[in-house]
Engineer: 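The following block contains the structure, expressed as structure tokens.
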2 protein chains.
Amino acid sequence: MAESTKSPRPGEGSGEALSALLAWDVNQPMCPSRLILEHVTSRWGVLVLAALLERSYRFSELRRAVGGVSEKMLAQTLRTLERDGFVDRDAKPVIPPRVDYSLTPLGIEAAEQVWALARWTERRVDAVRAAREAYDGARA
Amino acid sequence: MAESTKSPRPGEGSGEALSALLAWDVNQPMCPSRLILEHVTSRWGVLVLAALLERSYRFSELRRAVGGVSEKMLAQTLRTLERDGFVDRDAKPVIPPRVDYSLTPLGIEAAEQVWALARWTERRVDAVRAAREAYDGARA
DNA sequence: CAGCATCCGTGGCGATACTG
DNA sequence: CAGTATCGCCACGGATGCTG
């Protein structure tokens, strides 16, 4: 458990790289990287990016794919992600309207990060459940 | 940039693995993996995990390291992460009280995912800013 | 120092209704 | 179908005060 033995070893000096993210003076325009991070890690942002990594979706299709998202939040999430340059919105001038959403190259990069996290989460569900039971049991 | 050339290429069939996360019937105990994901990607959860990956921290020390976090939210975040088995809380019975927080092996895994995402975000800040200016400019 | 309890405002978010 | 607009709730989260 001592060493992580993983890819980008976050050893000495790695904290430096996140200094802009971690250290931040309140009452200030808010550090840009935090805003981006909050968009990407937002409740629906994560799931939308993960879904779009698989393939492109139409609006309602995406709404059905991501269980529990309201129409409003999906639209809002998509607009935010589009503005940040992660999502490409392709509105075809036909009737009935057809709008396809897909990831930009930048969005693919973001989605891959998020996707790895999501995958990891699903793999570790049991470990977390065990930890919770231990935690809850310890204070009963 | 066309191909991702990164670690776990999320090609065909990768969506299957996230089916439990994406597809979820509302009015139900809420899928476990989503809960975990929301803890990890929560506003302060991300930053706390990233900070603790560098080294262990005492409470106030961590509060100072993570700019903008309130005492309440830090305590709450730490308790959630502890319960999920990500954070180890070491309360030393001394006066004045001293409590050290560090990552468990499971927490290190989580933090590495989150850390990679945070790093990526900082690297792409400029690309996102450019995208936003393009987006905002297009509708003016 | 560590952190729980309480109060309370803001806004995130869902539900509903309406438009192109 | 693909959204916008509006209303209203409640819970996220900050500020303050108290305890061990």
Side-chain angles (χ1 to χ4, degrees), chain A residues 24-28 30-31 34-35 37-48 51-52 56-83 87-102 135-136 138-139, chain B residues 24-28 30 34-35 37-48 51-52 56-83 87-102 135 138-139:
Chain A
W24 164 65
D25 180 27
V26 191
N27 59 352
Q28 195 164 342
M30 170 72 109
C31 154
R34 274 206 196 179
L35 276 178
L37 198 58
E38 286 179 9
H39 293 167
V40 170
T41 64
S42 71
R43 185 166 185 203
W44 303 115
V46 174
L47 300 178
V48 165
L52 287 178
S56 74
Y57 279 91
R58 300 182 56 179
F59 186 85
S60 311
E61 204 181 10
L62 191 53
R63 179 151 154 60
R64 261 173 277 117
V66 178
V69 68
S70 69
E71 182 181 281
K72 176 185 172 181
M73 288 315 297
L74 181 57
Q76 185 177 321
T77 301
L78 283 170
R79 238 181 309 111
T80 301
L81 293 178
E82 186 195 357
R83 192 173 104 97
V87 162
D88 179 50
R89 181 177 183 277
D90 180 22
K92 294 174 171 152
V94 298
I95 293 178
R98 179 192 178 98
V99 182
D100 288 292
Y101 290 94
S102 57
Y135 182 92
D136 294 342
R139 56 199 59 200
Chain B
W24 164 65
D25 179 26
V26 191
N27 59 351
Q28 196 165 343
M30 171 71 109
R34 274 206 196 179
L35 276 179
L37 199 58
E38 286 179 9
H39 293 167
V40 170
T41 63
S42 71
R43 186 169 183 202
W44 303 116
V46 175
L47 300 178
V48 165
L52 287 178
S56 75
Y57 279 90
R58 300 182 55 179
F59 186 85
S60 309
E61 204 182 10
L62 191 54
R63 179 151 153 58
R64 260 173 278 119
V66 178
V69 67
S70 70
E71 180 184 285
K72 176 185 173 181
M73 289 315 296
L74 181 57
Q76 186 177 326
T77 300
L78 283 170
R79 238 182 308 112
T80 301
L81 293 178
E82 186 195 358
R83 191 172 106 97
V87 162
D88 179 48
R89 182 177 182 276
D90 180 22
K92 292 171 173 154
V94 298
I95 293 178
R98 177 190 177 99
V99 182
D100 287 294
Y101 291 94
S102 58
Y135 182 92
R139 54 200 60 201

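Order of the sequence lines fixes the chain letters, A, B, ..., with proteins taken first and strands second; residue numbering starts at 1 for each chain.
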Engineer: How about L52(B) and V87(B): do any of their side-chain heavy atoms sit closer than 4.5 Å?
Structural biologist: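 Result yes, sub-4.5 Å side-chain heavy-atom pair found.
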Engineer: Is R139(A) close enough and on-axis enough to Y135(A), meaning under 6.0 Å and within 45°, for cation-pi?
Structural biologist: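 Yes.
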Engineer: For T77(A) versus W44(A), what's the shortest heavy-atom pair and its separation?
Structural biologist: OG1-CB, 3.6 Å
Engineer: Is there a side-chain contact between F59(A) and L78(A) in this structure, where contact means two heavy atoms from C-beta onward sitting under 4.5 Å apart?
Structural biologist: yes
Engineer: Could you tell me how far apart D100(A) (CG) and dC1(D) (C1') are, to the nearest whole angstrom?
Structural biologist: 12 Å
Engineer: In whole Å, what is the span from the CE atom of M30(B) to the P atom of dA11(D)?
Structural biologist: 13 Å
Engineer: When you measure from every atom of DNA chain C, which of residues 37-46 of chain B have a heavy atom less than 4.0 Å away?
Structural biologist: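 Residues of residues 37-46 of chain B under 4.0 Å from DNA chain C: none.
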Engineer: With heavy atoms under 4.0 Å as the rule, sort R79(A) into base, sugar-phosphate or nothing.
Structural biologist: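 It contacts sugar-phosphate atoms only.
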Engineer: Let me know the distance between CG of L78(B) and P of dC1(C), rounded to the nearest Å.
Structural biologist: 17 Å
Engineer: Let me know the distance between CZ of R63(A) and P of dC13(C), rounded to the nearest Å.
Structural biologist: 15 Å
Engineer: dA2(D), OP1 or OP2 - any side-chain N/O from S60(A) closer than 4.0 Å?
Structural biologist: yes
Engineer: Output the rounded distance in Å from CD (Q76(A)) to C1' (dT6(D)).
Structural biologist: 14 Å
Engineer: For the residue pair R63(A) and Y57(A), establish whether any side-chain heavy-atom pair is separated by less than 4.5 Å.
Structural biologist: no
Engineer: Over how many whole Å does the gap from D90(A) atom CG to dA2(D) atom P extend?
Structural biologist: 12 Å
Engineer: At what distance, to the nearest 0.5 angstrom, does CG of L47(B) lie from CG of L37(A)?
Structural biologist: 6.5 Å
Engineer: Let's see if you get this right: which residues in residues 64-75 of chain A place a heavy atom under 4.0 Å from DNA chain C?
Structural biologist: S70(A), E71(A), K72(A), M73(A)
Engineer: Which nucleotide sits closest to the side chain of P97(A): dG3(C), dC1(C), dA2(D)?
Structural biologist: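 Closest of the options to the side chain of P97(A): dA2(D).
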Engineer: Checking salt bridge (charged side-chain N to carboxylate O under 4.0 Å, His left out) against D100(A), which of R58(A), K92(A), R89(A) comes through?
Structural biologist: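 In the set R58(A), K92(A), R89(A), the residue that makes a salt bridge (charged side-chain N to carboxylate O under 4.0 Å, His left out) with D100(A) is K92(A).
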Engineer: Does OP1 or OP2 of dG3(C) have a side-chain N or O of R89(B) closer than 4.0 Å?
Structural biologist: yes
Engineer: Please report, rounded to the nearest Å, how far the P atom of dG3(D) is from the OH atom of Y57(A).
Structural biologist: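 For the pair Y57(A) OH and dG3(D) P, the rounded distance is 17 Å.
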Engineer: Can you tell me if the side-chain N/O atoms of Y101(A) get under 4.0 Å from OP1 or OP2 in dG3(D)?
Structural biologist: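 Yes, within the criterion.
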